[in-house]
Amino acid sequence: MISTPTATRTDKTMSDEFPGKLQNDSAAERRTALYTVLAQIPPGKVVTYGQLADMAGLGRAARWVGRTLSQLPNGSLLPWHRVIGAGGRLSLVEGSVGGDEQRGRLRSEGVLIMKNRVDMHRHGWRPSEHSG
DNA sequence: GGTGCGGCTGCAG
DNA sequence: GCTGCAGCCGCAC
């Protein structure tokens, strides 16, 4: 056996594997995990901040997720618009840049928005049920 | 290393 | 169903 003292985490990017339970050591790792999970969300589906945080292994850091998403650049290819508040509520207010963008994108994907709310029973992403 | 701050969450009114 | 309040968690001073 190779007694590697500092080989706890490694060498290369282990991000080759699918997300779920990454061993997050640093904030950057967590952000990466968050982005990875976020990228797994299929079109027409939505997740809540808390759900996304849990998927990234952050537990209840839903707030942090929201802040992190707000820090995404405009050119980001991540489907940040598929992240909504608990209960299918849209945290972003209509009239806001992000709010308008989110609604527009969601509708483009076939997600019906009624009074700042999305039907989670219909569009809620169920990773446990093979993204379908 | 203590304090403040969020694109939150859940419950009560 | 909306508003207000307290709780959580991690990040930035």
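Just so we're on the same page: letters track the sequence lines, and every chain starts at 1.
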Comparing A:Lys115 and A:Gly59 on DNA chain C - which has the more 5′ nearest nucleotide: A:Lys115

Ionic contact status for A:Arg105 with A:Glu101, cut-off 4.0 Å: yes

C:dC9 C1' sits how many Å from A:Tyr49 OH, rounded? 16 Å

Which heavy atom of A:Val93 sits nearest a heavy atom of A:Arg103, and at what distance? C-NH2, 4.3 Å

Which whole-number value in Å describes the distance from A:Leu52 CG to C:dG10 P? 15 Å

Working to the nearest 0.5 Å, report the span between CG of A:Asp119 and CE of A:Met114. 9.5 Å

Tell me: CZ of A:Arg31 to P of C:dC11, nearest whole Å? 8 Å

Contacts of A:Gly50 and A:Trp64 projected onto DNA chain B by closest heavy atom; the upstream (5') one is A:Trp64

For A:Met120 against A:Thr48, the heavy-atom pair lying closest together: CE-CG2, 3.9 Å

Just to be sure I follow the notation: if a pair is Watson-Crick (purine N1 to pyrimidine N3 plus N6-O4 or O6-N4) or a G-U wobble (N1-O2 and O6-N3), each under 3.5 Å, what dot-bracket string does DNA chain C give, with | for pairs to another strand? .||||||.|||||

Shortest non-hydrogen pair, A:Ala39 vs A:Pro79, comes out as CA-CD, 4.2 Å

Give A:Ser96 one of three labels, base, sugar-phosphate or nothing, depending on what nucleic acid heavy atoms sit under 4.0 Å from its own. nothing

Rounded to the nearest 0.5 Å, how far apart are CG of A:Leu106 and CG of A:Leu90? 6.5 Å

Looking only at heavy atoms, the pair that brings A:Ala62 and A:Ala53 closest together is N-CB, 3.9 Å

Can you tell me how far apart OH (A:Tyr35) and CG (A:Leu72) are? Round to the nearest 0.5 Å. 5.0 Å

Whole-Å distance, A:Arg60 CZ to C:dC11 C1', equals 19 Å

Sidechain N-carboxylate O distance under 4.0 Å for A:Glu109, A:Arg82: yes

Using a heavy-atom cut-off of 4.0 Å across all strands, would you classify A:Gly85 as base, sugar-phosphate, or nothing? sugar-phosphate

Positional range of nucleotides in DNA chain B within the contact set of chain A, heavy-atom, under 4.0 Å: B:dC5 to B:dG10

Report yes if a donor N or O on one partner sits less than 3.5 Å from an acceptor N or O on the other, where the partners are the side chain of A:Arg117 and the base of C:dG1; otherwise report no. no

